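Every value quoted in this text rests on a predicted model; they were computed, and no experiment measured them. We count residues from 1, following the sequence as given.
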Amino acid sequence: MGGMTSGKPDTRPSEARARLLATATRIFYSEGIHSVGIDRIIAEAKVTRATFYRHFPSKDDLILAYLREVHKMERDAFDAAIADNSSPVDPLLAIAGSIAQNIQSPGFRGCAFLNAAAEYPATQHPVRQEIIAHRQWFLDTLSTLMAQIDQETADPAARHFVMLRDGAMAAGCLFDPAKVSETFLRGVDGLLTTAERQSAESAS
């Protein structure tokens, strides 16, 4: 990308930066990343090219900011689910409910991170690294919650949850979102029931 690339991006809160990020988030999610050029984002955000490069020295900087924004939204939703539920199972059910609700939301187009991963296959690319970091956070969060139910099976159970979620996010774009959500929630419920049973057997 051309433009001003010297110096660090201006990360101070500003209306222009927020507008650029909101515009990029909407378009990148709905249409993909590679297919969307900087000129379109600048035009739709109604800022100058100089303003864009003051906040985002390159398109990759904007993409990373987009993924971090999506990560923050997911993290905030998970934190709320964990804070509002005290039993070991309830936070996981709340997280699953949030995922199911997302699948049924207008404009749903799958997982932003899985979509980005398909566009950035190079493992050392900063965008790919951001995706991996998000995925690790997701798995770690689930593992911690699963460990409160049954320590021994926490890791495989968390990985199972991730696979259920990934499958539902993909299927939600192709089939009836309501039926996909129902199937996903039923799968999570079965997973948690199994974990509780294994925990009870270990304690006996």
Side-chain angles (χ1 to χ4, degrees), residues 25-26 28-30 32 66-121 127-204:
T25 298
R26 172 175 53 82
F28 284 160
Y29 181 71
S30 63
Y66 152 63
L67 291 175
R68 288 165 186 161
E69 182 69 13
V70 177
H71 169 78
K72 181 180 182 300
M73 289 188 288
E74 290 193 14
R75 187 188 65 210
D76 289 348
F78 280 26
D79 288 347
I82 294 168
D84 291 344
N85 295 279
S86 56
S87 79
V89 170
D90 285 347
L92 289 157
L93 290 174
I95 288 171
S98 175
I99 292 168
Q101 186 176 18
N102 183 27
I103 290 171
Q104 297 181 75
S105 63
F108 175 74
R109 211 182 73 80
C111 171
F113 290 90
L114 293 179
N115 292 347
E119 296 196 58
Y120 288 86
V127 171
R128 186 78 173 197
Q129 291 298 309
E130 194 72 26
I131 296 165
I132 292 170
H134 168 80
R135 299 282 295 179
Q136 190 62 53
W137 161 81
F138 183 46
L139 178 60
D140 290 345
T141 300
L142 293 174
S143 294
T144 299
L145 292 171
M146 284 292 187
Q148 296 177 22
I149 302 173
D150 184 57
Q151 182 71 48
E152 291 186 9
T153 61
D155 182 67
R159 294 180 185 278
H160 190 170
F161 191 117
V162 172
M163 291 181 67
L164 287 170
R165 180 263 185 193
D166 289 349
M169 295 293 269
C173 299
L174 302 171
F175 304 106
D176 182 349
K179 291 183 179 179
V180 170
S181 296
E182 181 184 353
T183 301
F184 166 67
L185 291 173
R186 194 161 55 241
V188 170
D189 186 63
L191 175 66
L192 297 179
T193 299
T194 299
E196 287 182 306
R197 184 173 66 247
Q198 290 171 327
S199 177
E201 290 173 353
S202 298
S204 61

*asked:* Show every ring-ring contact (aromatic ring centres under 6.0 Å, His included) that has at least one partner inside residues 69-106, sequence neighbours left out.
replied: His71-His134, His71-Trp137, Phe78-Trp137, Phe78-Phe138
*Determine yes or no for a side-chain-to-main-chain donor-acceptor pair under 3.5 angstrom, with Tyr29 supplying the side chain and Ala112 the backbone.*
no
*Looking only at non-hydrogen atoms, find the nearest pair between Ala94 and Ala81 and report the distance.*
CB-CB, 3.6 Å
*Taking atom CE of Met73 and atom OG1 of Thr25, what is their separation to the nearest 0.5 Å?*
6.0 Å
*Using the test side chain to side chain contact (heavy atoms under 4.5 Å, CB included), find all partners of Ala157 that sit at least two apart in sequence or belong to another chain.*
Met146, Leu191
*How about Met163: does its CE atom have over 12 heavy atoms from other parts shown lying under 6.0 Å from it?*
no
*Which residue pairs pass the salt bridge (charged side-chain N to carboxylate O under 4.0 Å, His left out) test when at least one of the two sits in residues 140-158, sequence neighbours left out?*
Asp155-Arg159
_For Arg26, give me all partners under side chain to side chain donor-acceptor pair (under 3.5 Å), at least two apart in sequence or on another chain._
Glu44
*Taking only residues two or more places apart in sequence, or in another chain, which ones meet Arg68 in a side chain to side chain contact (heavy atoms under 4.5 Å, CB included)?*
Leu64, Glu130
*asked:* Going by side chain to side chain contact (heavy atoms under 4.5 Å, CB included), name the residues that satisfy it together with Asp166, two or more places apart in sequence or in a different chain.
replied: Leu114, Arg135, Val162
*Say whether, by atom type as modelled, one donor and one acceptor occur between the side chain of Ser87 and the main chain of Asp90 under 3.5 angstrom.*
yes
*For residues 91-107, which residue pairs qualify under salt bridge (charged side-chain N to carboxylate O under 4.0 Å, His left out), counting only residues two or more places apart or in two chains?*
none
*Quick one: does Ser199's side chain have a donor or acceptor within less than 3.5 Å of a partner on Glu196's backbone?*
no
*Might you point out which heavy atoms bring Ala158 and Ser143 nearest each other, and give the distance in Å?*
CB-OG, 3.3 Å
_I need the full list of ring-ring contact (aromatic ring centres under 6.0 Å, His included) pairs touching residues 160-179, with sequence neighbours left out, sorted by first then second residue._
none
*In chain order, what residues pass the side chain to side chain contact (heavy atoms under 4.5 Å, CB included) check against Ala77, with sequence neighbours excluded?*
Ser98
*Quick one: list whatever passes side chain to side chain donor-acceptor pair (under 3.5 Å) with Asp176, sequence neighbours left out.*
none
_Distance check, rounded to the nearest 0.5 Å: Ile95 atom CD1 versus Arg165 atom CZ?_
11.5 Å
*Phe28: what forms a ring-ring contact (aromatic ring centres under 6.0 Å, His included) with it, not counting sequence neighbours?*
Tyr66
*asked:* Let me confirm one number: the OG1-CD distance from Thr141 to Glu74, rounded to the nearest 0.5 Å.
replied: 10.5 Å
*Grab the two heavy atoms, one from Pro88 and one from Ile149, that are nearest each other, plus how far apart they are.*
CB-CG1, 3.7 Å
May I have the list of side-chain donor-acceptor pairs in residues 183-190 shorter than 3.5 Å, sequence neighbours left out?
residue, atom, partner, partner atom, Å
Thr183, OG1, Lys179, O, 3.0
Arg186, NH1, Glu182, OE2, 3.4

*How far apart are the C-alpha atoms of Thr153 and Thr194, what are their side-chain angles, what is the distance that settles it, and do they pass the side-chain contact (heavy atoms from CB on, under 4.5 Å) test?*
CA-CA 10 Å; Thr153 61; Thr194 299; over 6 Å; no
